[in-house]
Structure formats: C-alpha cells, structure tokens
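Starting from 1, each residue takes its place in the sequence as its number.
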Amino acid sequence: MTRNATITRKTNETNISLSFGVDGEGNSKIETGVPFMTHMLDLFTKHGQFDTVIEANGDIEVDDHHTTEDIGICLGQALVEALGDKRGIKRYGSALVPMDEALAQVVVDLSNRPHLEFRAELPSQKVGTFDTELVHEFLWKLALEARINLHVIVHYGHNTHHIIEAIFKALGRALDEATTIDPRVKGIPSTKGML
C-alpha cells in the first residue's frame with residue numbers, strides 16, 4: 001500500500017505544490033520562501049519518517065502569514081488524502097521531545113474531529129523575521145484540514161527557537177505513530193466503524 005498525496009493550491013496570495021508520503025524515509029525537498037518554516041518542516045519530515053516535497057511562493061513581501069497558513073492547509077489535505085479510510089492505523093500517537101532546555105509534547109488522534117489545543121507560551125514574538133504567532137496558525141489549519149485532534153503542550157523552555165523546534169519534532173513523531181499500520185487492527189480503529 002502506497003500512502004501518498006499531491007496537493008496544489010493557487011490563490012491571489014500563494015501558489016503551493018505539495019507532495020506528501022506517509023511511509024517515507026525522512027526525505028525532504030522544501031522551499032517555502034519562509035526560511036524558519038522551511039527549517040521546521042524539514043525537522044517535521046525527518047522525525048516523522050515522511051517524504052515531503054513543498055514548493056511555495058507567497059506574498060512574503062507583505063508578511064509570512066498567508067504562506068505559512070496555506071502550507072498548513074495543503075499539508076492537512078494531503079494527510080487526509082494519503083490515509084484514505086484509515087483502515088489498520090494505530091489512530092493515536094504521542095511524543096515527548098526535549099530540545100536543550102525546552103520540553104514539548106504532542107498528542108494526536110486521527111479522529112475526523114478537528115480540534116487544536118495549544119498550551120504553549122512562546123517568550124519571543126519573533127524568531128529572526130518569523131512571527132511566532134504563526135506557529136498556532138499553521139497548527140490550527142493543519143488540524144482543521146487533516147481533521148485531527150491535536151494537542152500541543154510545552155512543559156517548559158525559555159528559548160523560543162528551541163520550543164518551536166521541539167513542537168515540530170514531536171508533531172512528526174506523534175503523527176508517525178498514529179499513521180503506523182498495526183497488524184492487530186482489523187478494519188477501522190473505531191467502534192463507530194468509520195473515522
């Protein structure tokens with residue numbers, strides 16, 4: 001079974017082409033025009049053992065908002081398409097990841113019930129030129145479009161770069177666990193018979 005999807009999205013603000021492979025090797029070819037976001041998506045891919053190709057062109061002369069948001073939308077749509085009916089998956093995943101002084105936890109349920117619970121204080125409003133409030137924007141759009149229940153908890157940390165890096169690594173690892181095929185799971189992992 002090959003679980004891959006390709007999404008394109010073109011608006012007056014962004015032009016995005018995204019390919020996503022669930023059962024990958026951690027390979028990435030990512031160019032977003034937003035260097036910090038490119039770095040975080042590369043980490044997400046490596047730690048999730050996904051294969052990700054993203055070419056994004058957006059109105060970064062305005063700011064990074066539209067590009068970051070629309071990548072979250074496209075990645076969420078790709079995850080839904082790649083997983084299909086979710087037959088045989090573990091469904092739940094969690095990861096606790098340290099990054100120097102920071103400790104982040106991500107817990108996911110591929111439930112078809114979109115929700116983001118974001119319990120994180122980011123000490124700085126910017127990392128380089130990147131507005132750190134866009135982390136929440138990206139995660140919310142990802143959760144909404146992927147129709148997942150996504151909980152992000154930062155237990156502690158004082159370096160904003162380290163905190164966000166730990167979040168993205170934990171996100172990759174939690175999604176890797178949740179999307180893993182478990183041979184013990186027969187059919188859809190829900191008493192409802194569908195997700």
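Using modelled atom types and a 3.5 Å distance limit, the side chains of His66 and Asp59 yield a donor-acceptor pair.
Scanning both residues, Ala5 and Ala82, for their nearest heavy atoms gives CB-N, 3.9 Å. Residues Gly88 and Pro189 share a closest heavy-atom pair of N-CD, 4.5 Å. In this structure, Thr38 and Gly33 approach most closely via the heavy-atom pair OG1-N, 4.4 Å. For the pair Arg91 and Ser111, the tightest heavy-atom approach, listed with the atom from each and the gap, is NH2-CB, 4.0 Å. Closest heavy-atom contact between Ile163 and Glu121: CD1-O, 3.9 Å. Smallest separation of non-hydrogen atoms from Gly157 and Pro123: O-CG, 4.5 Å.
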What's the verdict on side chain to side chain contact (heavy atoms under 4.5 Å, CB included) for Phe168 and Val106, showing C-alpha distance, side-chain angles and the deciding distance?
-> CA-CA 9 Å; Phe168 273 82; Val106 173; over 6 Å; no
Passes side chain to side chain contact (heavy atoms under 4.5 Å, CB included), Ile54 versus Glu31? Steps please.
-> CA-CA 6 Å; Ile54 302 173; Glu31 184 48 60; over 6 Å; no
CA sep, side-chain torsions, deciding dist, call: Ile164, Leu122, side chain to side chain contact (heavy atoms under 4.5 Å, CB included) | CA-CA 8 Å; Ile164 297 170; Leu122 302 176; 4.0 Å; yes
Stepwise, does the salt bridge (charged side-chain N to carboxylate O under 4.0 Å, His left out) test hold for Arg147 with Glu145?
-> CA-CA 5 Å; Arg147 302 196 56 79; Glu145 294 295 330; over 6 Å; no
List the steps and the verdict of side chain to side chain contact (heavy atoms under 4.5 Å, CB included) for Val185 and Ile89.
-> CA-CA 7 Å; Val185 176; Ile89 65 167; over 6 Å; no
Please walk me through it: do Thr160 and Thr132 pass side chain to side chain donor-acceptor pair (under 3.5 Å)?
-> CA-CA 8 Å; Thr160 304; Thr132 57; over 6 Å; no
What do the steps show when you test Asp182 against Lys90 for salt bridge (charged side-chain N to carboxylate O under 4.0 Å, His left out), and what is the final call?
-> CA-CA 6 Å; Asp182 185 339; Lys90 286 189 173 182; 5.2 Å; no
Lys141 vs Glu137, salt bridge (charged side-chain N to carboxylate O under 4.0 Å, His left out): CA-CA, chis, key distance, verdict | CA-CA 6 Å; Lys141 292 310 186 307; Glu137 192 66 29; 2.4 Å; yes
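Note on Ile73: it does not cluster hydrophobically with Leu116, by side-chain heavy-atom contacts below 4.5 Å among ILVMFWY residues. If you chain together hydrophobic residues whose side chains sit under 4.5 Å apart, Val127 and Met37 fall into the same group. Both Trp140 and Ile71 are assigned to one and the same hydrophobic cluster, defined by single-linkage of ILVMFWY side chains at heavy-atom distances under 4.5 Å. Met40 and Leu103 fall into different hydrophobic clusters, where Ile, Leu, Val, Met, Phe, Trp and Tyr are joined by side-chain heavy atoms under 4.5 Å apart, directly or via other members. Under the 4.5 Å side-chain heavy-atom criterion for Ile, Leu, Val, Met, Phe, Trp and Tyr, Ile188 and Ile181 are members of distinct hydrophobic clusters.
By the 4.5 Å heavy-atom criterion applied to side chains, Phe118 and Leu150 are not counted as neighbours. Side-chain contact between Val154 and Ile167 is present, with at least one heavy-atom pair separated by less than 4.5 Å. Glu81 places a side-chain heavy atom less than 4.5 Å from the side chain of Ile7. For the pair Leu110 and Leu175, the minimum side-chain heavy-atom distance is below 4.5 Å. Residues Gln125 and Glu133 are not in side-chain contact: their nearest non-hydrogen atoms beyond the backbone lie 4.5 Å or more apart. No side-chain heavy atom of Val108 sits under 4.5 Å from any side-chain heavy atom of Tyr92. Residues Asp131 and Asp64 form no side-chain contact, since every pair of their non-hydrogen atoms from C-beta on lies 4.5 Å or further apart. Considering only heavy atoms from C-beta on, His39 comes within 4.5 Å of Glu165 through its side chain.
At least one donor-acceptor pair under 3.5 Å links the side chain of Lys186 to the backbone N or O of Pro183. Under a 3.5 Å cut-off, the side chain of Thr14 and the backbone N or O of Thr11 do not form any donor-acceptor pair. With hydrogens and angles disregarded, no donor-acceptor distance shorter than 3.5 Å links the side chain of Glu55 to the backbone of Ile16. Side-chain N or O atoms of Asn27 include none that pairs as donor or acceptor with a backbone N or O of Thr52 at under 3.5 Å. Looking at Ser28, its side chain never comes within 3.5 Å of a backbone N or O of Ile30 through a donor-acceptor pair.
By the 30° and 60° cut-offs, the orientation of the rings of Phe36 relative to His161 is perpendicular. Classification of the Phe20-Phe50 ring pair by plane angle, with boundaries at 30° and 60°, yields tilted.
In this structure, CD1 in Ile153 is found 10.0 Å from OG in Ser94, a value given to the nearest 0.5 Å. Here the CG-CG distance, from Asp70 to Asn57, works out to 12.0 Å after rounding to the nearest 0.5 Å. The structure places CD of Gln105 at 10.5 Å from NE2 of His151, a figure rounded to the nearest 0.5 Å. Separation of atoms CG (Asp51) and CG (Asn4) is listed at 8.0 Å; rounding is to 0.5 Å. Taken from CG in Leu134 to NZ in Lys126, the straight-line distance is 8.5 Å, to the nearest 0.5 Å. Lys86 NZ to Thr179 OG1: the interatomic distance, rounded to the nearest 0.5 Å, is 11.0 Å.
Between Leu171 and the choices Leu139, Val97, Leu43, the side chain to side chain contact (heavy atoms under 4.5 Å, CB included) rule is met once, by Leu139.
A ring-centre distance under 6.0 Å is not found for Phe44 and Phe138.
More than 12 heavy atoms of other residues, nucleotides or ligands sit less than 6.0 Å from atom CG of Asp85.
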